[in-house]
Engineer: 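Okay, handing you the structure first.
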Amino acid sequence: MARYGFELSERFAIPVMVRLVTRLSHSRAVVEVDESASVENELHYPRNPKQWVLMPAISKQRYKVLLKDYEDFEAASEESPFNKYLPGEDKSLGIVVSGLAWNYLKEAFPGGIPFPTVKISQYPLPTKMIGRLFDECESVMVIEEGQPLIEKKLRGALDRNGKIYGKLSGELNLTGELTPDLVKEGISKIKTELDSLKQSDLMGESQVTRPRPPALCQGCGHRDVYAALNGVLEEYENPKVFGDIGCYTLGFLSPFNAIDTVVDMGASITMAKGAADAGQHPAVAIIGDSTFTHSGMTGLLDAVNENSPITVIISDNLTTGMTGGQDSQGTGKLEDICLGLGVNPDHLRTIDSLPKNVEQMKEIFREEINYNGLSVIVSRRECIQTARRHAVKK
Ligand SMILES: Cc1ncc(C[n+]2csc(CCOP(=O)(O)OP(=O)(O)O)c2C)c(N)n1
Ligand code: SF4
């Protein structure tokens, strides 16, 4: 579908988004790779030279074009190989199902889905196909992962000859993920005769894997940073640690329980600054090297400009650990970036985050927390996963 998305994008000269839900992102499977590579477009310029100048007068015109084009997008959805109307014997219920929920529905009915079904994987919604379902069936159930977007839209536009069931009416769970069991259970609430099938057809909970809480690897430098930080913060009455997104977020969990906030990429520094503005002390931000160059630098400039009394720890493992060990944009440049943003060189400290340095780290943390202004501490040690990979390569 990703490949098809590129083709669609070229055909309509419009961005196409591929929407992944949690379970799909966390799944792995053998895939067939299409080896025939598409030829990359040669450098070319828009036919309309004003296309990329979205000043008000032009953007108003572009919006009119977009509305016109929308009719073509809808027509493409009706003909899409990924959207289907599938007939079914039992017309007391029709099903509108999207994305991964389609797989759940198939799993829930291994013998075949008895209800007419519209399967949607391409947007905008194929309203003609859905209209047919509403015309043919007494009621309709919408099964979709995440927010009930389709359900809301259909309730507004097409709730005409029967009832619409789904997340908003309570048959399906509005929070958490869907599963084949929950899909079947949701349908059973409307079609009580399916209850007997429920027991026999459904697979039990997987016994193959047991859930276990995630943890920082043994030997990870983030561990030593938290060990030192916790050791120092014990000395203060009301310390707050503002966390960020990456492996080091696991410092929130046991045994460290070291983080008070995790909101989004870069929010550690901005939240620490906001808290310090309101009188919080100590206000410590902890951020990874990749997250720092992704969206921590702007917040740090703000803190520099006001010499905010916060302590920023950049836990540098020389990689983007959480997403699999990609190169990090700031490797080898973090101190220069901080100096370039205006951090006072006297309060820009660097330390190797090794177990043998924990006492030294504590000393530096203590000194900088007690300094009434902005300080940045770069604690550095390569992620052991990438270090192993690098060692094998050599
Ligand atoms: C806006 C956004 N883009 C991308 C991601 C995916 N992501 C999760 S953690 C992370 C970076 C982690 O790297 P780093 O800050 O160096 O910490 P590490 O995992 O190496 O400890 C990224 C890019 C995200 N969560 N949010
Ligand atoms: S992958 Fe690397 S950064 Fe992440 S927990 Fe393991 S050692 Fe630490």
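Computed over heavy atoms, backbone and side chain alike; hydrogens, waters and symmetry mates excluded. Read the numbers this way: they start at 1 and go in the same order the structure lists the ligands and their atoms. None of the values given here were measured: they were computed from a predicted structure.
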Engineer: Count the heavy atoms belonging to other residues, nucleotides or ligands that lie under 6.0 Å from CG of Asp346, then report whether that count exceeds 12.
Structural biologist: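 It does: Asp346 CG has more than 12 such atoms within range.
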Engineer: Test your reading of the structure: does Met322 have an N or O sitting under 3.5 Å from an N or O of ligand 1?
Structural biologist: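 Such a contact does occur with ligand 1.
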Engineer: Return the residue, atom name and 0.1 Å-rounded distance of the protein heavy atom closest to atom 25 (N) of ligand 1.
Structural biologist: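 Nearest neighbour among protein heavy atoms for atom 25 (N) of ligand 1, to 0.1 Å: Ile245 CG2, 3.8 Å.
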Engineer: Going by distance alone, is a donor N or O of one side chain under 3.5 Å from an acceptor N or O of the other, for Glu306 and Ser308?
Structural biologist: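 No, no side-chain donor-acceptor pair sits under 3.5 Å.
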Engineer: To the nearest 0.5 angstrom, please state how far the CG atom of Leu374 sits from the CG atom of Asn305.
Structural biologist: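 One finds 10.0 Å between CG of Leu374 and CG of Asn305.
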Engineer: Could you list all the side-chain hydrogen bond (donor to acceptor under 3.5 Å, both in side chains) pairs where at least one residue sits in residues 325-337, not counting sequence neighbours?
Structural biologist: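 Passing the test, one end in residues 325-337: Asp289-Ser328, Ser290-Ser328, Thr323-Gln326, Glu335-Thr350, Glu335-Arg380.
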Engineer: Of all the non-hydrogen atoms in the protein, which one sits nearest to atom 17 (O) of ligand 1, and at what distance?
Structural biologist: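 Here the closest protein heavy atom is Tyr248 CE2, 3.1 Å.
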Engineer: Give yes or no for whether the N/O distance cutoff of 3.5 Å, strictly under, is met between Thr323 and ligand 1.
Structural biologist: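 Min N/O separation from ligand 1 is not below 3.5 Å for Thr323.
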Engineer: Which residue and atom name correspond to the protein heavy atom nearest atom 15 (O) of ligand 1, and how close is it?
Structural biologist: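 Result for atom 15 (O) of ligand 1: Thr291 OG1, 2.5 Å.
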Engineer: In the hydrophobic cluster built from side-chain contacts under 4.5 Å, what are the other members alongside Tyr371?
Structural biologist: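 Grouped by the 4.5 Å side-chain rule, Tyr371 forms a cluster of one, so the answer is none.
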Engineer: Which residue in the set Asp224, Asp352, Asp316 passes salt bridge (charged side-chain N to carboxylate O under 4.0 Å, His left out) when paired with Arg381?
Structural biologist: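 One option only clears the test, and that one is Asp224.
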Engineer: Among the protein atoms near atom 2 (Fe) of ligand 2, how many are N, O or S and lie under 2.8 Å away?
Structural biologist: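 Protein N, O or S neighbours of atom 2 (Fe) of ligand 2 under 2.8 Å, waters not counted, come to 1.
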Engineer: Between atom CG of Leu318 and atom SG of Cys383, what is the distance when rounded to the nearest 0.5 Å?
Structural biologist: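 Reported to 0.5 Å precision, the distance equals 9.0 Å.
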Engineer: What protein heavy atom lies closest to atom 11 (C) of ligand 1? Include the residue and the distance to one decimal.
Structural biologist: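 Protein heavy atom at minimum distance: Thr320 CG2, 3.6 Å.
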Engineer: Between atom CG of Leu20 and atom OG of Ser25, what is the distance when rounded to the nearest 0.5 Å?
Structural biologist: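 The distance works out to 4.5 Å.
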Engineer: Mark up the atoms of ligand 1 that fall under 4.0 Å of a heavy atom belonging to Cys247, in ascending order.
Structural biologist: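 Numbered from 1, ligand 1 contributes 18 (P), 19 (O), 21 (O).
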Engineer: For a quick test of reading the model, state the closest non-hydrogen atom pair linking Ser268 to Asp244 and the distance between them.
Structural biologist: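 Residues Ser268 and Asp244, closest heavy atoms: OG-OD2, 2.5 Å.
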Engineer: Distance-only, no hydrogens or angles: does the Glu107 side chain make a donor-acceptor pair with backbone N or O of Phe109 under 3.5 Å?
Structural biologist: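 Judged by distance alone, no pair lies under 3.5 Å.
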Engineer: Would one find an N or O of Met265, backbone or side chain, under 3.5 Å from an N or O of ligand 1?
Structural biologist: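 No, there is no polar N/O contact under 3.5 Å.
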Engineer: What is the closest protein heavy atom to atom 21 (O) of ligand 1, and at what distance does it sit?
Structural biologist: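 Closest protein heavy atom to atom 21 (O) of ligand 1: His222 NE2, 2.8 Å.
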Engineer: Checking a contact table here: which protein heavy atom is nearest atom 20 (O) of ligand 1, and how many Å away?
Structural biologist: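 The answer is Gly321 N, 2.6 Å.
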Engineer: Looking at Thr291 and Ile245, would you say the former's side chain and the latter's main chain have a donor-acceptor pair under 3.5 Å?
Structural biologist: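 Here the side-chain-to-backbone pair exists.
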Engineer: Check each heavy atom of Asn317 against ligand 1 and say whether those closer than 4.0 Å belong to the side chain, the backbone, both or neither.
Structural biologist: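 Side chain only.
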Engineer: Considering only Ile, Leu, Val, Met, Phe, Trp and Tyr, and joining two whenever side-chain heavy atoms are under 4.5 Å apart, list the other residues clustered with Val33.
Structural biologist: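 Via sub-4.5 Å side-chain contacts, Val33 links to Val31.
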Engineer: Provide, to 0.1 Å, the distance between atom 3 (N) of ligand 1 and the closest protein heavy atom, together with that atom's residue and name.
Structural biologist: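 Scanning the protein heavy atoms, the shortest distance from atom 3 (N) of ligand 1 goes to His294 NE2, 3.9 Å.
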Engineer: Tell me the contacting part of Thr319 for ligand 1: side chain, backbone, both, or neither, using a 4.0 Å heavy-atom threshold, strictly below.
Structural biologist: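 The part of Thr319 near ligand 1 is the backbone, not the side chain.
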Engineer: Can Asn317 and Thr319 be counted as having a side-chain donor-acceptor contact under 3.5 angstrom?
Structural biologist: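 Distance-only check fails for Asn317 and Thr319.
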Engineer: Quick test of your reading of the structure: of Ser295, Ser268, Ser290, whose heavy atom lies closest to atom 14 (P) of ligand 1?
Structural biologist: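 When every heavy atom of Ser295, Ser268, Ser290 is considered, Ser290 comes closest to atom 14 (P) of ligand 1.
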